[in-house]
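Just follow the structure's listing: the first ligand is 1, and inside any ligand the first atom is 1. From a predicted model like this one, the values you see are computed outputs, not experimental measurements.
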Amino acid sequence: MQSKTRVWVEGTILAALAMVLSFIPLKIGVSFSISLGQIALTVFAARRGLKPGLLAGLIWGLLHFPLGDVYYLSIPQVLIEYLLAYLFVGFAGIYAPKIHQSILQGNKKTRNKYLVLTGLVGAGARYFWHFIAGWIFWGDYVQWGMSPVIYSLAMNGLSGLATGIVSIIALVIIGEIYPQLYLPKN
Ligand code: 218
């Protein structure tokens, strides 16, 4: 297969896997969840880099629509949470060159450092948008008499942190047992 086509096919498969994983219920109410799909997408971004990562993130976001897995409050809210937020997971790909280089050099410490940064950037970039959306649009769901901004910061901060930690654990374990996964052959 031509290499550009191969990147697209891989990205679409990983986005679909991310979507399937996100059906595993790890939710408390509507405001807290751990997103296992994030693992598949961040691994892909670490393997293929920024542009393919952004593309796969966008596809993952779009897949929520045909599968009917969208929380709809308003059009701008849906655009922020299902296009922008998922697109931004792809920024995890910025460290791909550093990861590839450190694996080729056999430098495990540097590899793990960039895998951790990859997980943090992927979750941080995505949950930043969920935080913004939560603050602006999810005010009616606020609990414990908090202000919308604090409630959104707490819920999306905790969800983002939990999702980031789970992704980092998976990224680092894969780095230990199967680093070749981060090194595409074409
Ligand atoms: C405070 C708050 N509650 C709920 C949401 C909606 N939200 C949060 C995280 C992730 C996702 C995507 C699908 O699970 C959504 C829709 C929010 N932003 N803020």
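L73 and F131 end up in the same hydrophobic cluster when Ile, Leu, Val, Met, Phe, Trp and Tyr side chains are linked at under 4.5 Å. Linking ILVMFWY residues whenever their side-chain heavy atoms come closer than 4.5 Å, directly or via other members, leaves Y127 and L41 in distinct clusters.
Considering only heavy atoms from C-beta on, I13 stays 4.5 Å or farther from L17 through its side chain.
Every N/O-N/O distance between K27 and ligand 1 stays at or above 3.5 Å. For ligand 1, the polar-atom distance check against Y71 finds no nitrogen or oxygen pair separated by under 3.5 Å. Of the polar atoms of S31, at least one N or O is found under 3.5 Å from an N or O of ligand 1, judged by distance alone.
Distance alone, capped at 3.5 Å, places no donor-acceptor pair between the Q38 side chain and the G119 backbone. With hydrogens and angles ignored, the 3.5 Å screen pairs no side-chain donor or acceptor of R48 with any backbone N or O of G11.
Of all protein heavy atoms, the one closest to atom 9 (C) of ligand 1 is H130 CG, 3.5 Å. Nearest to atom 15 (C) of ligand 1 among the protein's heavy atoms is E81 OE1, 3.3 Å. Here the protein heavy atom with the shortest distance to atom 14 (O) of ligand 1 is Y86 OH, 4.2 Å.
The proximity of Y82 to ligand 1, defined as any non-hydrogen pair under 4.0 Å, is limited to the side chain. Only the side chain of N156 comes within contact range of ligand 1, with a heavy atom under 4.0 Å; no backbone atom does.
Taking a cut-off of under 4.0 Å to the non-hydrogen atoms of V30, the atoms of ligand 1 that pass are 4 (C). Proximity to Y151 (heavy-atom distance under 4.0 Å) selects the following atoms of ligand 1: 1 (C).
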TODO: Could you give me the CA-CA distance, side-chain angles and deciding distance for E81 and W138, then say whether side-chain hydrogen bond (donor to acceptor under 3.5 Å, both in side chains) is met?
DONE: CA-CA 12 Å; E81 300 211 80; W138 288 83; 2.8 Å; yes
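No more than 12 heavy atoms of other residues, nucleotides or ligands lie within 6.0 Å of OH in Y141, so this atom counts as exposed by the packing criterion.
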